[in-house]
Amino acid sequence: MTHASIPLWLIAAFVGLWLGFRLSHSMHEGAADSRAANTARALVTGYCLSVSGILIEVGLNESLPR
């Protein structure tokens with residue numbers, strides 16, 4: 001990974017995290033009324049896990065400067 005792409009990864013990470021939090025909040029708000037279907041909850045959980053996995057993978061990558 002080049003040094004020029006690090007800011008792009010940070011922007012993508014912040015957008016991905018923000019979207020994950022917004023989706024999780026929407027699922028939590030709908031949980032009281034059971035408005036959110038289980039399929040939607042499973043998709044949001046899968047999205048949040050994939051974003052977390054990508055961020056951990058990039059964070060543990062040795063090509064990033066320390």
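Along the sequence shown, residues carry numbers from 1.
For Val44, the side chain to side chain contact (heavy atoms under 4.5 Å, CB included) partners at least two apart in sequence or on another chain are Leu23, Ser24, Met27, Cys48. For Leu49, the side chain to side chain contact (heavy atoms under 4.5 Å, CB included) partners are Thr45, not counting sequence neighbours.
Val51 is not listed as a side-chain neighbour of Leu19, based on a closest heavy-atom distance of 4.5 Å or more.
The distance from atom OG of Ser26 to atom CZ of Phe21, rounded to the nearest 0.5 Å, is 13.0 Å.
Using a 4.5 Å cut-off between side-chain heavy atoms of Ile, Leu, Val, Met, Phe, Trp and Tyr, with links allowed through other members, Trp18 and Leu55 fall into the same hydrophobic cluster.
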